[in-house]
Amino acid sequence: MPLNIPGILVPFQLVIHPRLVLPALSVNDIRQIDFLALKKAGYRCVVFDKDNCLTIPHKDTLVPELQGSWKSCREAFGDDNVLIVSNSAGTYLDAGGIQSESVSYHLGVPVLSHKSFKPAYSCITAIRTYFSSLRSPIYDHELVIVGDRVFTDVVLANRMRMQSKLPLPQSATRPSDGMVQGSISTEKVTNDPALRTESAGGPLSIWTTSVWKKEGMPMRWLESALVRAVQRLSTPLPGEPVDCSRFIKRMEEAKPEASQKSGVLRYLLSRLRRS
C-alpha cells in the first residue's frame with residue numbers, strides 16, 4: 001500500500017494540537033457500542049472504517065462476530081446514514097470502484113469515493129459533501145466516526161471538530177447509484193443539551209482497539225502509547241466531549257465453555273474426595 005502522506009504529517013500538527021489523537025470513546029470493537037443510545041442522544045449517522053474495524057484486512061465481508069451489532073446499527077440509523085470511509089475501497093487504488101461496489105454489496109451501505117487518504121482535509125470535504133447531499137442533510141455535530149487507527153480515524157474526526165463551523169461542501173458511492181453530487185450547506189446549531197455537551201460542534205470519535213488480524217502492530221503500539229501520554233500530560237479543552245460512557249455496552253465476560261469446564265472439574269474433585 002502506498003505511503004499515507006496525510007497520516008505521516010499528523011505528528012507535526014500534534015506539536016500545536018496534541019489532543020487531536022484523543023478519542024471520545026475507546027472500545028474493544030463495535031459490539032460494545034450502544035447504537036440505540038447514540039441515536040436517542042441525537043446522532044444521526046455513523047461513519048466506519050473498514051479494515052480491522054468491520055472486516056478482516058483485504059476482505060470485503062463483515063466479520064461474523066459483528067453480525068448482530070452491525071444489524072443494530074443499520075436498524076437504528078438507516079442504511080443511507082451509515083457510511084464506509086476506507087483508505088482502500090473507494091480511493092484511487094480502487095480501480096473502477098470494483099472494491100467499493102463489492103464492499104457496498106456485502107455490507108449493504110454506501111462506500112465513500114475520495115481521492116486522498118484519511119485524515120486528509122479533502123477527505124473531510126468528501127464526507128461533508130455526501131451528507132449534505134442527502135434529502136435531510138446531516139451536519140458535523142450529528143456524526144459518529146468509528147475506526148481502529150488513531151492517526152487516521154480519530155484525527156479525522158477531531159479535525160472535523162476543529163473546523164466544524166466551516167461550510168459543508170461535494171462525492172460518494174452508494175450501493176448502486178455511483179457518484180452522488182450534493183449542494184453546499186452550512187453548519188446547523190443544535191438545541192439539544194445532550195448534543196451540545198457530548199459532540200460540542202463536531203463528530204463523536206470512537207476508537208476500536210482490538211484487531212481481527214494483526215497488521216501494522218508497531219504503529220498501533222505507538223499510537224496507543226501516544227494516546228496514553230497525551231491523556232496523562234494534557235488537560236481537556238473547551239468544546240471537547242465529556243463523559244460519553246453511557247454509549248458503551250458491557251460485553252459479557254462469562255464464557256459458557258469455561259463455566260462448563262469448571263463444573264466438570266468440580267464434579268471430578270468431589271468424586272475423588274468421596275473415594
Side-chain angles (χ1 to χ4, degrees), residues 1-15 17-33 46-66 69-70 73 83-91 93-94 99 103 107 111-112 114 116-120 123-124 127 144-161 203-234 240-241 244-245 247-249 251 253:
M1 186 173 181
L3 287 175
N4 182 354
I5 302 301
I8 292 173
L9 295 177
V10 165
F12 295 99
Q13 190 177 14
L14 297 183
V15 174
H17 302 291
R19 293 183 67 84
L20 270 179
V21 298
L22 297 186
L25 280 177
S26 296
V27 296
N28 290 328
D29 58 58
I30 70 166
R31 289 175 292 182
Q32 282 190 285
I33 302 174
V46 187
V47 175
F48 285 95
D49 180 41
K50 183 183 84 71
D51 294 330
N52 260 329
C53 183
L54 297 175
T55 72
I56 293 173
H58 314 299
K59 302 290 185 182
D60 298 342
T61 55
L62 186 70
V63 174
E65 291 85 344
L66 303 180
S69 297
W70 186 238
C73 177
L83 182 67
I84 307 297
V85 182
S86 170
N87 273 351
S88 53
T91 67
L93 300 174
D94 183 12
Q99 188 183 10
V103 173
L107 300 186
V111 176
L112 186 75
H114 56 107
S116 299
F117 293 139
K118 297 179 292 184
C123 183
I124 291 174
I127 292 171
V144 178
I145 296 182
V146 184
D148 66 305
R149 300 309 299 264
V150 172
F151 278 12
T152 54
D153 305 302
V154 174
V155 169
L156 178 96
N158 289 334
R159 280 181 172 178
M160 291 182 74
R161 177 183 300 281
L204 184 78
S205 59
I206 301 181
W207 178 32
T208 58
T209 58
S210 297
V211 296
W212 297 102
K213 179 181 178 181
K214 289 186 177 181
E215 182 183 59
M217 299 310 291
M219 180 57 71
R220 291 176 187 275
W221 180 88
L222 179 63
E223 289 176 341
S224 298
L226 182 60
V227 168
R228 291 193 298 269
V230 173
Q231 286 174 332
R232 187 173 65 253
L233 299 174
S234 64
E240 286 190 1
C244 301
S245 58
F247 299 134
I248 297 180
K249 291 194 297 187
M251 296 179 69
E253 296 180 0

*Asks:* Carefully, step by step, assess Phe151 and Leu14 under the rule side chain to side chain contact (heavy atoms under 4.5 Å, CB included).
*Replies:* CA-CA 10 Å; Phe151 278 12; Leu14 297 183; 4.3 Å; yes

*Asks:* Any heavy-atom pair between the side chains of Val63 and Ile56 that's under 4.5 Å?
*Replies:* yes

*Asks:* Do Val10 and Arg159 have side chains that get closer than 4.5 Å, going by heavy atoms?
*Replies:* yes

*Asks:* Taking all heavy atoms of Thr209 and all of Ser26, pick out the closest pair and write down the distance.
*Replies:*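 Looking at all heavy atoms of both residues, the shortest contact is CG2-CB, 4.5 Å.
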
*Asks:* Where is the tightest heavy-atom contact between Leu112 and Cys123, given as atom of each residue plus distance?
*Replies:* CD2-O, 4.4 Å

*Asks:* Identify the residue among Val27, Asn28, Ile33 that makes a side chain to side chain contact (heavy atoms under 4.5 Å, CB included) with Ile248.
*Replies:* Val27

*Asks:* Evaluate side chain to side chain contact (heavy atoms under 4.5 Å, CB included) for Ile206 paired with Phe247, printing each intermediate quantity in order.
*Replies:* CA-CA 10 Å; Ile206 301 181; Phe247 299 134; 5.8 Å; no

*Asks:* Going from OG on Ser245 to CG on Leu25, what distance comes out if it is rounded to the nearest 0.5 angstrom?
*Replies:* 7.5 Å

*Asks:* Run the side chain to side chain contact (heavy atoms under 4.5 Å, CB included) test on Leu226 and Leu222 for me, step by step, so that the C-alpha distance in whole Å, both residues' side-chain angles and the decisive distance to 0.1 Å come before the verdict.
*Replies:* CA-CA 6 Å; Leu226 182 60; Leu222 179 63; 5.6 Å; no

*Asks:* Please tell me if the side chains of Asp29 and Glu65 come closer than 4.5 Å, counting only heavy atoms from C-beta onward.
*Replies:*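 Heavy-atom side-chain distance check fails, nothing below 4.5 Å.
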
*Asks:* Identify the two heavy atoms, one from Val154 and one from Pro23, that lie closest to each other, and give their separation to 0.1 Å.
*Replies:* CG1-N, 3.7 Å

*Asks:* Could you check if a side-chain atom of Ile145 sits within less than 4.5 angstrom of a side-chain atom of Met160, using non-hydrogen atoms only?
*Replies:* yes

*Asks:* For the CG atom of Leu22 and the CZ atom of Arg228, what is their distance to the nearest 0.5 Å?
*Replies:*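 The distance works out to 12.5 Å.
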
*Asks:* Do Val21 and Val155 have side chains that get closer than 4.5 Å, going by heavy atoms?
*Replies:*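 Contact flag for Val21/Val155 side chains = yes.
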
*Asks:* Hey, is the main chain of Lys59 close enough, under 3.5 Å, to the side chain of Lys50 for a donor-acceptor pair?
*Replies:*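 Flag set: sc Lys50 to bb Lys59 pair under 3.5 Å.
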
*Asks:* If I compare all heavy atoms of Leu204 with all of Ala24, which pair ends up nearest, and what's the gap?
*Replies:* CD1-CB, 3.4 Å

*Asks:* Looking at Leu156, Ile5, Leu93, which one forms a side chain to side chain contact (heavy atoms under 4.5 Å, CB included) with Phe117?
*Replies:*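 Only one option passes, and that is Leu93.
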
*Asks:* If a pair satisfies salt bridge (charged side-chain N to carboxylate O under 4.0 Å, His left out) and one of its residues is in residues 203-223, list it, with sequence neighbours excluded.
*Replies:* Asp148-Arg220, Arg149-Glu223

*Asks:* Whether the side chain of His58 engages the backbone of Asp51 through a donor-acceptor N/O pair (distance < 3.5 Å, no angle test) should be reported.
*Replies:* no

*Asks:* Quick one: closest heavy-atom pair of Asn158 and Ser205, and the distance?
*Replies:* OD1-OG, 4.0 Å

*Asks:* Indicate the atoms forming the closest heavy-atom contact of Ser88 with Asp94, along with that distance.
*Replies:* O-CB, 3.8 Å

*Asks:* Could you tell me whether the side chain of Trp70 and the main chain of Leu107 form a donor-acceptor pair under 3.5 Å?
*Replies:* yes

*Asks:* Could you walk me through whether Asp49 and Leu54 pass the side chain to side chain contact (heavy atoms under 4.5 Å, CB included) test, one step at a time?
*Replies:* CA-CA 7 Å; Asp49 180 41; Leu54 297 175; over 6 Å; no

*Asks:* Mind checking the OG1-CD1 spacing from Thr55 to Ile84? Nearest 0.5 Å is all I need.
*Replies:*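 Atom-to-atom, Thr55:OG1 and Ile84:CD1 are 8.5 Å apart.
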
*Asks:* Rounded to the nearest 0.5 Å, what separates atom SG in Cys73 from atom CG in Leu66?
*Replies:*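 Those atoms lie 11.0 Å apart.
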
